[in-house]
Structure formats: C-alpha cells, structure tokens
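Okay, structure first, notes after.
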Amino acid sequence: MRFRVLGAVRAFTEEGAPIVLGGRRRALLAALLARAGRVVPAERLAALLWGAEQPADPAGALHSQISRLRRTLPGVVIDTAPPGYVLRADPDEIDAGRFDRLVAAARRRDTAELLGEALALWEGPAYAGFADDEVARLEAIRLEEARLHATEAWHRALLDAGRPELPALEAFVAGHPLRERARDTLMRTLYALGRQTEALDAYREYADRLAGELGLEPSAAIQDTRLLILRHELPGTRPSVTPLSMLEARYLAAPGARTIATASLGDGPPLVALPGWVSSIDVIASGRDPRSSLLQRLVGHVRLTLYDRFGTGLSRGPVTDFGLEAAVAELRTVAERAGGPVSLLAMSEAGPIAVALAAASPELVRRLVFFGTYADGPGTFLRPDLNAALVTMVRTHWGLGAKLFADLYRPDATDAAARHLAEVLRDSADREVAAAYLAGTYETDVSALLGRVRAPALILHYRGDRVIPFAGGRQLAAGLPEARLIPLDGPYHLPDVTDLDRVVATISSFLTTPG
C-alpha cells in the first residue's frame, strides 16, 4: 500500500491504482497517517469526524468507521491501542517518510539530485484539506517548514554545481520575501550570472522589507555577501564581523536537574542577554528573532552570551517549575560560567529575572540594561481578563495566538511579517510551555527588590509599546537607586532598525565606560 499526504490525502495499491475513499474515511486516514506509529486518542478522532454533532454512541460509531477503513485498505495494520487507534506503516509507504529520508540523505551527501527527487514528491500543501485539524496540524506545519528548507538547500546545491534555476529561485523568493538564506542564494546566483546590479537590488529590496515590516536589519552574513559582490570578491573571504550564525550551543547543568543551552560570541566586557518570554538560540542565530539585529551589532563591542530558558529553544525538557526562583537560578548558573561579574541585558519579559539576580547576588552583576521590560507585572498589565484570554489563546490555539502577539510586536504588520514572527514564537517553544511562562509574566512582581539593586542601570523603552506598556520602564527608573531612563518614540516593542545606531551607541558606551 502507498499513501500520499504531500498534497491531497490519497491511498494507492502497490500497483499504483487509486483507492476510493469517502470523506470520513479520508479524514480518519489523514489523522492516523499524521501520527503513524503513535496512538491517536479515540476522543480526538471522534471530534474530527463529527465535531459538535456527536453520535449517540461515539465509541461504537468510531469503531464502525475504523472497520470500514480496514476493509478499504486490505493489508494495512490499524491496531486498537487504548486510548485509541494506531496505524502501523513502513515510513517508505508514506510519501512524507520518503521525503524525510531523501532530505536526510542529501544532507549527508550534499547533492541537488536527492533534494530534487524529494521536492518532486510534493503535489500541494501537506495534508491538504486537513492541515487545520487538531491531529494533523503539527505534522503539516513540520512538513511545510521542511519543504522550505529543502527548497533553499536545493537552490544552493544547484548554484554550487553550476546549474542555477534562476526563474524558480526568483519565484520562491517572491513568495517568501523574508527568508534570508533564499535571498542570499538569489544574490549569489545573480552575481554568478553576471548580473551584479540586480544582485545588489535584491539586497536593497530585502533590507527595505526587513526595516519596514520587522524593524530589523540584514544579518552580518548577508551584509558580507553584499560587500563581496560590491568588491567582486565573492568566493572565500572571511566575514568582517563574526555573524550570529557562528553561535554554537554548550550545555550547563542548572539547579533542579535542568540542562540549559548557552552560546557565546565576540570579544569585550561580558554581557549576558536574557531570554524573553520564549526564545531559541537557533532562531536568534538565523537572524529571524526580533532581537537579532541588536544582538549582532553588540557582538562588535562585547562578549555576548545567550541562553535558552528551560523548556524553550535548545533547552528542551519537561518543565514543572515556571516560577521566578527557578529562572533566577538558571541565570545565576549562566553568569557564573561567563566569568562574572557580568552585565545583563534584559529585554521584553526578562526584567524581573535580572532585577532578582542583581538584588540577591550583587557580586555577579556589574551593570544592567533594560529594554522594553518591567518590574511589577500586576502594575504593568492592568487587564487581568485580557491577560487570561491571551494565555488561553496560546494554550489552545498556538498558531492564532502567535500571530496575535506578532501583530502587537509590529503594529500594522503585513501578513508576511506576521507569519514570520509567528513562526519565530512557535519555533521557540510549544504551546503549553509558552502559555505557562506567559502566565508568569503577568503575575511576577519584584518591585520590592528594586531598592536593593546596586548595579547602575540603563533603561530604554518605546512610549507606544503595546506588548509591555511604557509604565514598565517608568517603574524601573523610579525604583532603581542608580538608573537612567531613555524614552524612545514609536509604537514598537523591540529596537526598530531606524533606532539601531542610537541604541547600540548608547548601550555600548554604558557598558564600556570604566567604573
């Protein structure tokens, strides 16, 4: 038996003859294939088939549908396995399994042919017609992202082999204008074809989009590609600034049996950048995180250390404690390994963690930089009903919740920008972890600790911030004994590209001034 899910969900005999499937049997097959080899709970399957209009005996009706599917697909093993059912199939019987195998093989051999063969399996969106259903949704998202990565790798492999497919690459970039790797390959391809001006135009269009839609600037890596094109020196030149893509994770043991991923880059005074609500070193290194541009700039002035909170990014694990004390213990471990005393950069939801460590361990903290953050959650987020609704949305509809937060980060964001930021959030944590950490954001209050902080503090905050209101910055400035508040004009939450020069110069001067 053969199954297709890279497009419409279909089944075929070994000889290639299509098998007719009714609507319910197709939906049932889609759900079982999305979790092939794993048990799908009967409740989820019943909800998929009948929604709110459940039959009088859902278990019996579902068993009847399973029996019909078994008869339709002779030889396919669908086992009853409490609390539901499981379809057992060889990965190569499913086109998604063959796609994964070919991409993995191409990664080892770096060949365009294998990637081309993998991409040729696609006939449309993964699990077309069922990608929004609860059971198949996560697998559809995973496959679509894998397809984008494979397409980028295929175009780079074709370029390296001297066989670029420019029209297909241009179409891909037009459809995904904020994917930096594809844009870099397009620039290199245009240059290789003798079209230097168009290669530079492609960079300018990308830079304008990033600035206008995300408030970011291009990463150091693609900036160097531009410089190499300008100088006609494209092959084999070292980058002028160490790019964030060079970040390599190391792992530390933190209290509470937590393993924390951390990475460092650059030279100068040590600066530890705290994670916000959810984050990922990998996402920051790719240049996709809203903080990436600022962090890339700071690498030229400091020894930057990043880490992922437990349960997020590369620090994945089952989280049972989402509280402030556990977060401070993680930060203390990272600061000690970085060779404290260190300066701390707390952005977004990280302010209370930095305050708590500075108050408890003044010997570890030299200076504090706060950007778009706060000290008193209940005093900053004044709508408990809205806070609870946002937490519930993240927990039950992570895709929709991530897009909503993306819109808050960048007012009037385009669909492409909102989709980009939503992917950043989803790639940084799963829904349960994200929801639990968000709930803590609204509840945490360290205002009583502000007077005990002895480290000098620099506070930057946009007056029109819709994620963390400007009142959060005023709280910090009023409570910290030695603090300087710099208000920024704009409706943003994190540094906009138009303010980067000023922001970086201010932070760098503050961190490098003796004393």
Side-chain angles (χ1 to χ4, degrees), residues 244 246-285 289 291 295 298-299 302-371 373 375 428-430 433-434 436-438 440-441 443-446 449-450 452-455 457 511:
L244 290 177
M246 298 296 290
L247 285 166
E248 293 186 8
R250 303 285 188 273
Y251 291 89
L252 306 177
R258 297 182 170 210
T259 300
I260 304 300
T262 180
S264 298
L265 208 61
D267 295 301
L271 173 68
V272 175
L274 281 67
W277 163 32
V278 294
S279 67
S280 167
I281 290 171
D282 272 353
V283 174
I284 291 172
D289 190 284
R291 296 164 296 170
L295 297 177
L298 290 175
V299 166
V302 300
R303 174 67 173 174
L304 177 69
T305 295
L306 309 171
Y307 71 98
D308 291 337
R309 299 176 82 174
F310 190 60
T312 75
L314 300 179
S315 299
R316 294 301 173 100
V319 188
T320 56
D321 185 354
F322 294 90
L324 178 66
E325 185 175 342
V328 173
E330 292 176 1
L331 175 57
R332 180 180 289 109
T333 300
V334 174
E336 289 172 345
R337 177 60 65 92
V342 300
S343 295
L344 302 180
L345 171 59
M347 306 175 73
S348 201
E349 291 80 5
I353 304 171
V355 169
L357 180 68
S361 303
E363 74 284 356
L364 274 180
V365 182
R366 176 177 174 268
R367 299 201 172 194
L368 291 159
V369 178
F370 297 99
F371 198 113
T373 188
S428 298
D430 64 39
V433 169
Y437 275 130
L438 181 61
T441 290
E443 299 167 359
T444 302
D445 179 6
V446 296
L449 302 179
L450 292 173
R452 293 165 49 186
V453 175
R454 294 293 173 260
L511 293 178

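Worth saying up front: this structure is predicted, and the values here are computed from it rather than measured.
Atom CD1 of Ile281 is separated from atom CG of Leu314 by 5.5 Å, given to the nearest 0.5 angstrom. Rounded to the nearest 0.5 Å, atoms CD1 (Ile353) and CZ (Arg332) are 12.5 Å apart. With values rounded to the nearest 0.5 angstrom, Leu364 atom CG is found 12.0 Å from Ser343 atom OG. Here the CG atom belonging to Leu265 is positioned 6.5 Å from the CG atom belonging to Leu244, to the nearest 0.5 angstrom.
Side-chain atoms of Glu330 and Ser315, non-hydrogen and from C-beta on, never get closer than 4.5 Å to each other. At least one side-chain heavy atom of Tyr307 sits under 4.5 Å from a side-chain heavy atom of Leu274. With a 4.5 Å cut-off on side-chain heavy atoms, Arg291 and Leu306 do not count as touching. Within the 4.5 Å cutoff, the side chain of Val319 has heavy atoms near those of the Tyr437 side chain. At a threshold of 4.5 Å between non-hydrogen side-chain atoms, the residues Val433 and Phe322 count as touching. Between Trp277 and Thr312 the shortest side-chain heavy-atom distance does not fall below 4.5 Å. Annotation: side chain of Arg258 is not in contact with side chain of Thr333 (no heavy-atom distance under 4.5 Å). Between Asp289 and Leu295 the shortest side-chain heavy-atom distance does not fall below 4.5 Å.
Between Gly276 and Glu349 the shortest heavy-atom distance is C-OE1, 4.0 Å. Across all their heavy atoms, Gly311 and Ala429 have their closest contact at O-CB, 4.5 Å. The shortest non-hydrogen separation linking Ala457 to Phe370 is CB-CE1, 4.0 Å. Of all heavy-atom pairs spanning Ala354 and Ala346, the tightest one is CB-CB, 3.8 Å. Minimum interatomic distance between Ala338 and Thr305 (heavy atoms only, all atoms of both residues): CB-OG1, 4.3 Å. In terms of heavy-atom proximity, Ile260 sits nearest to Ala254 at CG1-CB, 3.8 Å.
The neighbour count for Glu363 CD, taken as heavy atoms of other residues, nucleotides or ligands under 6.0 Å away, is above 12. Counting non-hydrogen atoms of neighbouring residues, nucleotides and ligands closer than 6.0 angstrom, the CG atom of Asp321 exceeds 12 such neighbours. A 6.0 Å sphere centred on CD of Glu336 holds more than 12 heavy atoms belonging to other residues, nucleotides or ligands.
Proximity of a side-chain donor or acceptor of Arg303 to a complementary backbone N or O of Gly266 within less than 3.5 Å is detected. No donor-acceptor distance shorter than 3.5 angstrom exists from the side chain of Ser428 to the backbone of Gly313, with no hydrogens or angles considered. Side-chain N or O atoms of Asp308 include none that pairs as donor or acceptor with a backbone N or O of Ala261 at under 3.5 Å. Checking side-chain atoms of Thr373 against main-chain N and O of Ser348 turns up a donor-acceptor pair under 3.5 Å.
Looking at Arg337 and Thr262, their side chains never bring a donor and an acceptor atom within 3.5 Å of each other.
Evaluated for a side chain to side chain contact (heavy atoms under 4.5 Å, CB included) with Leu271, the options Leu344, Val299, Val342, Leu304 yield exactly one hit, Leu304.
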